[in-house]
Engineer: 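Sharing a structure, written as structure tokens. Questions coming.
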Amino acid sequence: SLPSLEQLSLVSNQLSGNIIEFQSRSLSSLLLSDNNLHGLIPRSIFELENLRYLGLSSNNLSGTVEFEKFSKLQSLSSLELSYNHLSLSFNHLSNNSWPQLLDLVLSSCNISEFPYFLRASPNLESLHLGSNKLHGLIPRSIFELENLQSLGLSSNNLSGTVEFEKFSKLQSLSDLELSGSHLSLSFNHLSNNSWPQLYSLDLSSCNISEFPYFLRASPNLDTLNLSYNQIQGEVPKWFWDVAKDSLSYLDLSHNFLKGTARHLQWKNLTLYYLDLSHNFLKGTARHLRWKNLGYLNLHNNSLQGELPIPSPSTFFFSISNNQLTGEMPPTICSLTSLQILDLSNNKLGGEIHQCIGNFSQSLSVLDLRNNNFHGVIPGTFSNGNVLRNLDLNGNQLEGSLPRTLLTCRELEVLDLGNNKIQGTFPNWLESLPKLQVLILRSNKFYGEIGKLRIVDLSYNQFSGLLPTKYFEHLTAMINSQEHELKYMGEYYYEDSVVVTIKGFEIEMVKIQTFFTTIDFSSNTFREEISNVIGKLKSLKGLNFSHNELT
Ligand SMILES: *[C@@H]1O[C@H](CO)[C@@H](O)[C@H](O)[C@H]1NC(C)=O
Ligand SMILES: *[C@@H]1O[C@H](CO)[C@@H](O)[C@H](O)[C@H]1NC(C)=O
Ligand SMILES: *[C@@H]1O[C@H](CO)[C@@H](O)[C@H](O)[C@H]1NC(C)=O
Ligand SMILES: *[C@@H]1O[C@H](CO)[C@@H](O)[C@H](O)[C@H]1NC(C)=O
Ligand SMILES: *[C@@H]1O[C@H](CO)[C@@H](O)[C@H](O)[C@H]1NC(C)=O
């Protein structure tokens, strides 16, 4: 007990265990967020009458908490309980109120009803109730919270159509998140209402059918997400002037946008993140002039012509699933900050420049699948590279595998299927410590075979006995203890490979880390199938057909 203690902040440490009962009646600020604390919220916390700031978010606290328990904490100004395993309930018959509340942050607290006391907390500046089980309409009291700056209701099961005009009293609104709330939003183009303070607006998955016209009067907007809606047709001209000097994040993916990609020439000096994927954009995209661009996603449109080269600041560039033609310009190697390059599923041809192997020290995904590249695989991979996924499937590459692949110590996925690569089985790949997926199907490998998750060696000319020793080394499969669904990949890019199941090529867009198949079909392996196979507990697919096994 520290009777005089007024403020205690241990935010973002690695504290574990229970929060013990304690007596520090003077406490006005108790901040324990972002640790690994578990167990119940101790009773003594509900007795801290002087408490103004209580932060317990992002721990692993559990239990059901009736909100009435906070009734003695009448000075509460900020309460943050998000992201634990708590279940919060509100008693609507109670008359309790917390008139001093400014911040109420209760995301992911298993809440099924809106707090009843919002009307009695008129000073609220920040209200976060995302990732809960809220249903029904947004209560009217929320639209009356005139001081609200930040409102989060994403990922709930709300219903009804909300006219955006309803937020007109919330003139200080800076951050609004309604994505995936199951609401439908509508806008009135004739209205003059505006929200000049808006900084971040996330209206993804809100059943929106048009560009919100009020955005013209939001000059401070930094982040705008309108993805996964039903916006149709061309991007209106006025839209490209929205927040011209401040917008840095724009996501318009998964709509029905059409028209040419001419607007990609717009000289917006600030854009950092642009996602226009999954639309119907046509035309060429030759000039990408944004100087500060970091993330550019043009995946799944109908863009034609040559491969555009974005600014050297770009770290993510995907223009996969379009109709690009021509060769890869050597200027691609000027993108020295690239981490992810995805040009898959186009009609690009020519040779792969040698510089592709070492132009960026941070390249982690290189996906050139399903194009018409020919020539040899670059041999310029150098020490210290961080390449994790190399996918060259479905091209016309020939020659042998460059030994410099051994410098790719981080390699997890190597897909060279459906090319014309030659040589004996690259036993030496075994020394790559993280390799989990190796696909060599339909090449010209031959000879005998010497820790992988998905092994596809089908349609080659491998011969001899099945490699028992090799199966013994499939440690990634044997005794796999992974219960949770985990996916290989990283934040911005999910690995995918094409796995042949029942003769159909199926693209596994996410590789579940326990998905394991072995396809040795259509070779000339002979004699017996080893008992070791029986130990591959998490094996999901095994194809030994079209061999000479007895
Ligand atoms: C969180 O607590 C639950 C039990 O309430 C436990 O199953 C889980 O493993 C804990 N998670 C972490 C990350 O400690
Ligand atoms: C709440 O207030 C109403 C009217 O002021 C009163 O009738 C009711 O008894 C109060 N309820 C409780 C639980 O105190
Ligand atoms: C969401 O609400 C609808 C009714 O509005 C209901 O039919 C549906 O089951 C709910 N979904 C979930 C996941 O609770
Ligand atoms: C890439 O490798 C080639 C051949 O080893 C070398 O000449 C070149 O300087 C390297 N480039 C970079 C950027 O490291
Ligand atoms: C096994 O491989 C053969 C030849 O490659 C193919 O025809 C067959 O469809 C495959 N079986 C399954 C179940 O994928």
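Just the heavy atoms: all of them, side chains too, but no hydrogens, waters or symmetry mates, feed the values below. Atoms within each ligand, like the ligands themselves, are counted from 1 in listed order. Each residue takes its place number in the sequence, starting with 1.
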Engineer: Side chains of L341 and I332: does their closest heavy-atom pair fall under 4.5 Å?
Structural biologist: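 When only atoms from C-beta onward are counted, I332 and L341 do touch, with a gap below 4.5 Å.
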Engineer: Polar contacts were defined as any N/O atom of the residue lying under 3.5 Å from an N/O atom of the ligand; does this apply to N543 and ligand 5?
Structural biologist: yes
Engineer: Can you sort out the partners of S89 under side-chain contact (heavy atoms from CB on, under 4.5 Å), two or more places apart, ordered by chain and number?
Structural biologist: E66
Engineer: Measure across N207 and S184 and return the closest heavy-atom pair with its distance rounded to 0.1 Å.
Structural biologist: ND2-OG, 3.2 Å
Engineer: Keeping to residues at least two apart or across chains, list the disulfide bond (SG atoms under 2.5 Å apart) pairs with something in residues 367-441.
Structural biologist: none
Engineer: Can you find a pair of side-chain heavy atoms, one from F373 and one from I356, that are under 4.5 Å apart?
Structural biologist: no
Engineer: Determine, for R388 against E412, whether the closest basic-nitrogen to carboxylate-oxygen distance falls under 4.0 angstrom.
Structural biologist: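 Salt bridge: yes.
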Engineer: Kindly state each residue pair satisfying disulfide bond (SG atoms under 2.5 Å apart) with at least one member in residues 335-407, sequence neighbours excluded.
Structural biologist: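 Passing the test, one end in residues 335-407: C333-C355.
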Engineer: Quick one: which ligand 5 atoms are inside 4.0 Å of a heavy atom on H546?
Structural biologist: 3 (C), 4 (C)
Engineer: Show which atoms of ligand 5 fall inside a sub-4.0 Å distance from at least one heavy-atom site of S521.
Structural biologist: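 Matching atoms, with element in brackets: 2 (O), 3 (C), 4 (C), 5 (O).
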Engineer: Pull out every atom of ligand 5 sitting under 4.0 Å from any heavy atom of S522, numbered as shown with elements.
Structural biologist: 4 (C), 5 (O)
Engineer: If I compare all heavy atoms of P378 with all of P402, which pair ends up nearest, and what's the gap?
Structural biologist: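 In terms of heavy atoms, the two residues are closest at O-CG, 3.5 Å.
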Engineer: Let me know which protein residues bring a heavy atom to under 4.0 Å of ligand 4; chain then number is fine for ordering.
Structural biologist: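 Answer by chain and number: N358, T380.
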Engineer: What I want to know is whether N157 and ligand 3 share at least one N or O pair that is separated by under 3.5 angstrom.
Structural biologist: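 Between N157 and ligand 3 (N or O atoms, distance only) the closest approach is under 3.5 Å.
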